Amino acid sequence: DARSGMVKLAPDLQAKLISGAPETFRPAAGAWGRSGSTLVLLASAKVSTLAPVLRQAWENARVPQLRKKKPLR
């Protein structure tokens with residue numbers, strides 16, 4: 001919904017964010033949360049905190065895609 005978003009993070013980064021800003025970050029339910037899916041409560045999110053988190057989530061999603069591509073010859 002419009003109140004929250006989700007980012008996929010490494011579990012260790014997820015734990016760090018949740019302990020540092022529990023009003024903003026929460027693990028998703030069940031196995032999704034244990035594997036790094038993290039809910040972001042937008043009303044309490046600060047741009048300065050969220051921007052690097054979004055960048056890291058993007059990098060995490062992008063790296064596996066780059067590995068699948070065949071090198072150009």
Side-chain angles (χ1 to χ4, degrees):
D1 61 29
R3 295 176 291 169
S4 64
M6 190 280 297
V7 291
K8 176 73 167 92
L9 304 169
D12 60 329
L13 178 56
Q14 177 197 51
K16 181 179 174 183
L17 290 170
I18 291 168
S19 68
E23 68 285 352
T24 303
F25 299 101
R26 294 184 185 157
W32 286 96
R34 289 189 297 277
S35 67
S37 292
T38 308
L39 299 177
V40 181
L41 304 173
L42 299 173
S44 62
K46 295 178 183 168
V47 173
S48 62
T49 301
L50 195 52
V53 171
L54 290 172
R55 176 68 185 205
Q56 185 62 55
W58 179 79
E59 288 289 336
N60 292 348
R62 186 171 183 268
V63 170
Q65 290 175 354
L66 291 176
R67 287 186 194 138
K68 290 180 185 178
K69 290 185 178 182
K70 294 181 182 177
L72 298 175
R73 295 183 189 213

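Given the structure is predicted, the values throughout are model-derived calculations rather than measurements.
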For this session: Begin with the C-alpha distance, continue with both residues' side-chain angles, and end with the deciding distance and a verdict on side chain to side chain contact (heavy atoms under 4.5 Å, CB included) for Leu41 and Arg26.
Result: CA-CA 8 Å; Leu41 304 173; Arg26 294 184 185 157; 3.3 Å; yes
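Nearest approach of Leu50 to Ala45, heavy atoms of both residues: CD2-CB, 4.1 Å. Scanning all heavy atoms of the two residues, the minimum distance from Trp32 to Ala28 falls at CB-CB, 4.2 Å. Of all heavy-atom pairs between Ala2 and Leu42, the closest is O-CD1, 3.7 Å.
Residue Ser19 holds its OG atom at 11.0 Å from CZ of Phe25, rounded to the nearest 0.5 Å.
Thr24 places a side-chain N or O within donor-acceptor distance of the main-chain N or O of Ser44, the cut-off being under 3.5 Å.
Applying the 6.0 Å contact sphere to CH2 of Trp58 captures more than 12 heavy atoms from other residues, nucleotides or ligands.
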Would you list the atom pairs, donor with acceptor, under 3.5 Å between side chains in residues 9-18 and any protein atom, with sequence neighbours excluded?
{"unit_1": "Gln14", "atom_1": "NE2", "unit_2": "Gly33", "atom_2": "O", "d": "3.1"}
{"unit_1": "Gln14", "atom_1": "NE2", "unit_2": "Ser37", "atom_2": "O", "d": "3.0"}
{"unit_1": "Gln14", "atom_1": "NE2", "unit_2": "Thr38", "atom_2": "OG1", "d": "3.2"}

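Cluster partners of Leu39, using a side-chain heavy-atom cutoff of under 4.5 Å among ILVMFWY residues and allowing indirect links, are Met6.
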